Amino acid sequence: MNQALVGVIGGSGLYQMDALEDVQEAVINTPFGMPSDPLVIGRVHGVPVAFVARHGRGHRLLPSEVAYCANIYALKQLGVRYVLSVSAVGSLKEDFRPLDMVLPDQFIDLTRGRESTFFGRGAIAHFSMAQPVCAATADILARAVRRVLEDEPTKTSRSLALHTSGTYVCIEGPQFSTQAESHYYRSMGAGVIGMTNMPEAKLAREAQMAYSTLAMVTDFDCWHPVEAHVTASLAMANLTQNASRAQHVLAEAIRLLGAEQPISLAHSAMQNSLLTHPNAMSPETRERLAALLVGFTS
Ligand SMILES: CSC[C@H]1O[C@H](OP(=O)(O)O)[C@H](O)[C@@H]1O
Ligand SMILES: Nc1ncnc2[nH]cnc12
């Protein structure tokens with residue numbers, strides 16, 4: 001069922017995609033349950049796209065409650081090859097300022113107890129997460145951000161920056177960090193902090209979809225000696241501006257992805273990773289993983 005080339009996962013503040021045309025809603029069940037919300041399928045610049053609001057429309061799901069497995073599996077069932085994730089993040093570095101955009105190229109997973117793999121229950125796989133982000137997709141996001149910033153009349157008192165690398169530390173939440181934690185994450189070398197990109201990026205890798213995050217800075221968390229500590233209302237204030245910019249970035253990135261369809265290492269990332277031969281799996285296990293196992297073996 002190849003209904004979409006690009007999947008978009010909208011985070012806090014981004015609950016719909018304005019540029020989608022010919023829109024249909026799809027209530028999709030997966031072997032891993034229902035996605036966070038019905039998927040919204042349509043076209044942007046003629047490119048087939050599936051959108052899902054990570055926390056559901058109306059923001060109903062905690063970071064720990066997001067249906068990560070079902071969201072990724074549903075996108076895979078639709079034939080998605082590139083996943084653009086949009087996320088609000090706190091900054092852990094002086095030069096990552098609120099409203100800046102960051103394309104994380106590394107993650108540190110500090111989440112606890114989230115279902116973080118499609119495997120198990122009779123199907124075992126191990127694979128590399130050394131480079132968790134698709135460089136080709138991130139490059140397209142970078143070009144899209146630059147294009148949007150060039151076209152945007154200067155509304156803010158300073159020019160916004162794009163940072164093309166950085167480490168995203170993913171905490172369990174929903175509480176923001178303590179100051180000691182915030183300093184600790186900085187000492188680990190993390191550049192931004194959020195609550196959702198893990199296990200999402202791991203699951204996208206298992207599904208051999210090219211994954212990249214547009215991280216939009218809302219606050220300085222709570223380490224900064226002068227800047228205000230994060231609160232939900234501070235983050236939300238910046239989220240509104242970030243979300244409207246994200247709409248333009250996504251539309252341009254989708255246009256580029258459709259035109260170029262870059263080869264991604266992610267598309268063959270699971271080759272040779274399956275230790276359990278499909279013949280040794282139960283029919284239920286094979287059925288549960290059916291959308292993933294296509295093109296999976298060496
Ligand atoms: C609104 S502040 C905290 C909230 O925002 C981020 O969500 P998302 O990654 O879905 O944009 C962060 O991870 C928290 O869930
Ligand atoms: N400071 C912060 N910590 C965790 N997640 C966030 N999302 C936005 N700001 C955040």
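Atoms within a ligand are numbered from 1 in the order they appear, just like the ligands themselves. Everything numeric here is computed off the predicted structure, so don't read it as measured data. The analysis underlying the following values was restricted to heavy atoms, covering all of them including side chains, and did not include hydrogens, waters or symmetry mates.
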Provide, line by line, the atom pairs where ligand 1 and the protein bring an N/O atom each to a distance under 3.5 Å; else say none.
unit_1: ligand 1; atom_1: 5 (O); unit_2: Ser12; atom_2: OG; d: 2.9
unit_1: ligand 1; atom_1: 7 (O); unit_2: Ser12; atom_2: OG; d: 2.9
unit_1: ligand 1; atom_1: 9 (O); unit_2: Arg54; atom_2: NH1; d: 3.4
unit_1: ligand 1; atom_1: 9 (O); unit_2: Ser87; atom_2: OG; d: 2.9
unit_1: ligand 1; atom_1: 9 (O); unit_2: Thr196; atom_2: OG1; d: 2.6
unit_1: ligand 1; atom_1: 10 (O); unit_2: Ser12; atom_2: N; d: 3.4
unit_1: ligand 1; atom_1: 10 (O); unit_2: Arg54; atom_2: NH1; d: 2.8
unit_1: ligand 1; atom_1: 10 (O); unit_2: His55; atom_2: NE2; d: 2.6
unit_1: ligand 1; atom_1: 11 (O); unit_2: Ser12; atom_2: N; d: 2.9
unit_1: ligand 1; atom_1: 11 (O); unit_2: Ala88; atom_2: N; d: 2.8
unit_1: ligand 1; atom_1: 13 (O); unit_2: Met195; atom_2: N; d: 2.7

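- For ligand 2, the atoms closer than 4.0 angstrom to any heavy atom of Val89 are 7 (N), 8 (C), 9 (N).
- Taking 4.0 Å as the cut-off, Ala235 does not count as a neighbour of ligand 2 on heavy-atom distance.
- With respect to Glu65 and Arg60, no salt bridge is recorded, no charged nitrogen being found less than 4.0 Å from a carboxylate O.
- Proximity of Ile193 to ligand 2, defined as any heavy-atom pair under 4.0 Å, is shared by backbone and side chain alike.
- Using bins of under 30°, 30° to 60° and over 60° for the plane-to-plane angle, the ring pair Phe32/Tyr73 lands in the tilted bin.
- Proximity to Asp219 (heavy-atom distance under 4.0 Å) selects the following atoms of ligand 2: 1 (N), 2 (C), 8 (C), 9 (N), 10 (C).
- Between Arg57 and Glu25 a salt bridge is recorded (basic side-chain N to carboxylate O distance below 4.0 Å).
- Protein heavy atom closest to atom 4 (C) of ligand 2, with residue, atom name and distance, is Met195 CE, 3.6 Å.
- Under a 4.0 Å N-O distance rule, the pair Arg121/Glu284 does not qualify as a salt bridge.
- Annotation: salt bridge (charged side-chain N to carboxylate O under 4.0 Å, His left out) contacts involving residues 203-224, sequence neighbours excluded, are absent.
- For atom 10 (C) of ligand 2, the nearest protein heavy atom (residue, atom name, distance) is Gly90 N, 3.4 Å.
- No hydrogens or angles considered: a donor-acceptor pair under 3.5 Å links the side chains of Thr213 and Ser85.
- By the 30° and 60° cut-offs, the orientation of the rings of His163 relative to Phe96 is tilted.
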One pair to check against side chain to side chain donor-acceptor pair (under 3.5 Å): Asn197 and Ser87. What are the steps and the verdict? CA-CA 8 Å; Asn197 278 205; Ser87 273; 2.9 Å; yes
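- Listed by number with element, the atoms of ligand 2 under 4.0 Å from a non-hydrogen atom of Thr218 are 8 (C), 9 (N).
- A salt bridge links Arg147 to Glu252: one of the charged nitrogens lies within less than 4.0 Å of a carboxylate oxygen.
- When heavy-atom distances to ligand 2 are checked against a 4.0 Å cut-off, Val230 comes that close only through its side chain, counted from C-beta outward.
- Of all the heavy atoms in Ala53 and Asp37, the pair that sits closest is O-CB, 4.1 Å.
- Residue contact check: Asp221 has heavy atoms under 4.0 Å from atoms 1 (N), 2 (C), 3 (N) of ligand 2.
- Using bins of under 30°, 30° to 60° and over 60° for the plane-to-plane angle, the ring pair His59/His55 lands in the parallel bin.
- Applying the 4.0 Å criterion to heavy atoms of Gly194 picks out, from ligand 2, the atoms 4 (C), 5 (N).
- For atom 7 (N) of ligand 2, the closest non-hydrogen atom on the protein side is Ala88 O, 3.4 Å.
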